[in-house]
Amino acid sequence: MGFFRVASMALVALVAVTIRFVGAQPSPSTDGTLEPHESGIEVVLASIEKIDATCIFRKDKQMLRNIAQAESNNGDKNSVTSSVGGIWRVSQSVFAATKSASLSVYFSRFPGAFGINWNTATWQDLDKPLYSALAARLAIALQQQEFLNTPTSLDGKLPWSVTAQSAIWKAAFQKPESASALQSLYVAAVQLIRSAGTASDICATRGVWKLPLSWTCPQHRARQLQPDEGVRQDRRQQFRSRSGAESVRGGPFDSVVRPIIKLNDYSNKNSLINAISAIPYTGGGTETAAGLNALRAVVFAPGNGVRAGRAKMAIVLTDGASNSPAQTTAAASAIHANKDITVLSVGIGAGVIHSSYATELGLIASDPKCQNLYQLQEFHDLVQAFALEIQQRTCDATAQLVVESIVTDGHGSQNLPTPVSVTLKPDGVYFTCVPIQRDAFTSLVVTGREGSAYVYVSLRVRKPSASQNDFNHRISAGKRETIKFTPQMIAYYAPDSVGTARVCMGMHNKVGARSSGAFSADVNVVGGVFKACGDVVNIGSANQPVDIPGPGYYQGVAIGYPKDLRCQWKIRGPPNHYLLIEFSYFNVTGYDLNLASRELSGCSEDADRLDISSLTAGRSGEETAVVCANRKRSSTSMYPSFESSGSTSTITFLTTKDAEPGYGFNMIITALPETKHAV
């Protein structure tokens with residue numbers, strides 16, 4: 001009679017992390033903006049990001065960020081208490097004024113946007129960063145009477161001038177200090193934001209090429225632009241994208257668009273600044289349409305330095321309408337159709353100040369236009385708070401990734417697609433988003449190469465961070481993290497998504513996170529296309545382990561398998577040999593715990609399972625082991641192995657129709673001489 005027995009336990013040599021989502025109760029999301037007494041630059045920026053994303057208010061021109069620095073050093077834990085109105089230190093009297101009926105045009109939208117009823121909010125609620133930020137923004141809107149329905153710039157009534165902003169801060173927050181004292185404090189706060197940090201190349205590590213308006217790019221900080229770097233004192237009239245494309249027309253503007261600076265022309269800041277300063281000013285009109293077409297077809301071309309997995313951002317500056325509005329509209333539409341280039345449209349001067357987005361300037365800007373269209377009163381605004389605005393937008397830009405397909409054809413695994421490589425200097429960040437189908441099979445795979453960093457993932461927010469995320473994990477060199485986005489997971493975290501959901505990831509190489517050096521990782525977003533699975537595997541040599549990956553396991557990466565699957569492998573070894581069947585990875589029905597045969601603990605009705613048969617010619621006996629995932633964690637970290645009674649075995653993998661699937665498995669099968677077979 002044949003037999004099939006459990007052999008000695010095999011140690012698993014696997015350095016991988018999978019984020020699981022099983023059972024009825026998923027892990028709650030992290031949202032520090034609603035946690036009392038949370039503080040720091042990350043929660044400040046997360047609160048501002050939340051407000052900006054709704055487009056309830058017009059642009060705050062960096063005032064919320066500057067005031068948080070000036071009032072409480074971004075909520076320094078020693079200064080934020082329940083008696084000061086949170087990070088923004090909004091007093092009780094100022095908070096009471098924010099409930100004015102004239103502001104209901106704003107706070108009536110808070111329940112839908114934030115789940116907050118401002119009428120019932122209390123001053124004590126300002127301990128929560130988002131509440132404090134909303135109170136500060138309402139106070140500014142009240143002081144400036146932004147609620148009045150009068151013709152105005154799409155940018156709103158707030159100025160870009162830092163000194164003018166300090167006066168608004170004094171009035172809106174009812175500050176008793178002198179105007180000059182507050183101005184000095186406000187300017188010092190802005191200078192601190194801009195000057196803190198010295199790494200001049202972090203913008204590049206964040207995945208964004210530097211704007212020709214030169215600056216440094218440390219985490220959440222910026223350096224003040226000098227007039228000769230950003231505006232050129234002659235106040236030249238020119239179209240220039242952040243990639244260095246310049247549009248010129250008529251007379252000295254000879255209607256020829258030519259890339260002046262390619263993305264891969266310069267590798268250091270000084271040479272780039274010198275090249276920008278050397279761009280000739282020729283005067284003339286504005287051939288914006290040709291410039292936009294060149295931007296799309298030439299400037300953002302791989303041969304000119306564009307890198308995979310990096311954000312593409314263009315900044316269009318103009319002080320007048322284009323020469324050919326219809327062609328400009330068509331050129332802008334062509335850029336927006338691709339959706340991977342973000343265009344910031346910047347109008348300078350009275351000639352381009354409008355109160356409707358249905359203008360040329362608005363059509364050039366990417367969606368959402370409330371965030372990507374800017375209107376400056378004069379060229380000098382470029383070196384005011386606007387410099388910090390663009391600094392932050394480019395340094396924290398979000399890259400767009402696409403889902404790469406891996407096809408299972410029944411003959412083993414296929415290599416993962418070429419990954420996007422990300423390198424972060426200390427305190428650097430990287431953001432990326434990818435659209436995924438709700439009912440498709442998609443996994444995010446991050447493989448650490450050097451150093452360590454934190455990875456934040458969300459289906460709700462565009463820039464996941466320590467303050468806002470659905471999943472988070474620390475990843476280091478040699479460690480791989482795989483997140484499989486199941487329909488159940490998407491339905492929980494993004495219930496309002498229809499057809500397509502947006503998954504975003506943030507990486508932060510935090511200084512002091514057990515590493516102060518550089519961090520690098522490879523990123524893949526993959527989807528499985530399952531044409532077939534299973535195979536006939538002939539093992540011709542003894543003592544030579546053969547890897548047989550199951551569905552969902554590719555080149556050492558477990559990305560998951562679909563429901564309702566049946567795969568079968570027929571394993572044939574040499575005559576007079578038996579088969580040693582081991583597992584280097586096993587995760588089915590969402591569990592990555594120890595294997596359990598039917599003889600050991602049994603399998604639940606809803607478990608995906610492997611049926612392993614031992615068949616030997618000339619013998620009448622047949623024994624089958626049913627292998628599944630044990631939901632009870634064992635004290636051992638090893639998977640059991642199995643031995644066949646002869647040189648052949650049939651292994652069948654069955655998945656259920658209803659349970660959430662797991663990540664896959666990898667078998668290692670070795671043919672061994674019968675003389676070594678322990679009966």
Side-chain angles (χ1 to χ4, degrees), residues 17-21 26-35 38-54 113-114 129-130 133 202 205-208 219-220 309-311 342 368 371 392-403 420 422 424 427-436 442-448 452-476 479 481-486 489-490 492-497 500-510 513 519 521-525:
V17 176
T18 55
I19 292 184
R20 301 181 301 277
F21 184 84
S27 301
S29 301
T30 297
D31 191 349
T33 69
L34 295 175
E35 291 294 326
E38 283 292 313
S39 62
I41 185 61
E42 284 188 330
V43 78
V44 166
L45 292 180
S47 299
I48 297 172
E49 172 81 11
K50 264 191 174 182
I51 296 172
D52 289 347
T54 65
F114 312 113
L130 180 59
I202 289 183
T205 68
R206 295 181 177 189
V208 190
Q219 166 74 0
H220 309 313
R310 300 304 191 269
T342 299
Q371 297 181 24
Q392 182 177 334
R393 291 296 307 276
T394 55
C395 283
D396 292 347
T398 301
Q400 184 82 12
L401 297 184
V402 296
V403 178
V420 170
V422 178
L424 300 177
D427 219 16
V429 297
Y430 173 80
F431 296 106
T432 186
C433 292
V434 59
I436 63 173
T442 307
S443 292
L444 171 67
V445 182
V446 183
T447 305
S452 64
Y454 286 88
V455 175
Y456 307 100
V457 179
S458 178
L459 288 97
R460 303 174 300 109
V461 298
R462 189 168 59 91
K463 295 180 180 178
S465 65
S467 296
Q468 291 189 99
N469 65 80
D470 297 327
F471 313 102
N472 65 84
H473 200 81
R474 180 177 175 270
I475 191 165
S476 55
K479 197 172 188 180
E481 179 179 356
T482 303
I483 305 171
K484 186 179 67 170
F485 298 101
T486 66
M489 178 192 297
I490 296 172
Y492 179 82
Y493 290 109
D496 297 329
S497 62
T500 302
R502 182 191 66 188
V503 174
C504 296
M505 178 187 70
M507 289 184 183
H508 187 182
N509 185 12
K510 290 185 178 181
F519 169 78
D522 291 339
V523 180
N524 286 103
V525 184

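None of these values were measured; they are calculated from a predicted model. Residue numbers start at 1 and run along the sequence shown.
- Proximity of V503 to M489: side-chain heavy atoms (C-beta onward) are nowhere separated by under 4.5 Å.
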From CA spacing to verdict: side chain to side chain contact (heavy atoms under 4.5 Å, CB included), I51, L130: CA-CA 8 Å; I51 296 172; L130 180 59; 4.1 Å; yes
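- Remark: R462 pairs with E49 by the salt bridge (Lys or Arg N to Asp or Glu O under 4.0 Å) rule, at least two apart or across chains.
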CA sep, side-chain torsions, deciding dist, call: M505, V523, side chain to side chain contact (heavy atoms under 4.5 Å, CB included): CA-CA 10 Å; M505 178 187 70; V523 180; 4.0 Å; yes
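- Between S467 and E38 the shortest side-chain heavy-atom distance does not fall below 4.5 Å.
- A heavy-atom distance below 4.5 Å is not found between the side chains of I483 and V446.
- Taking the six-membered ring for Trp and the full ring otherwise, Y493 and F471 have centroids separated by under 6.0 Å.
- Proximity of F114 to T54: side-chain heavy atoms (C-beta onward) are separated by under 4.5 Å at one or more points.
- Every residue meeting the side-chain hydrogen bond (donor to acceptor under 3.5 Å, both in side chains) condition with T500, not counting sequence neighbours, appears here in chain and number order: Q437.
- Residues S458 and N469 bring no donor and acceptor atom of their side chains to less than 3.5 Å of each other.
- Every residue was checked against the side-chain hydrogen bond (donor to acceptor under 3.5 Å, both in side chains) condition with S476, not counting sequence neighbours, and none meets it.
- Note that the CG atom of D31 and the CZ atom of R460 stand 6.0 Å from one another [nearest 0.5 Å].
- You'll find the side chain of R474 reaches within 4.5 Å of the side chain of S452, heavy atoms only.
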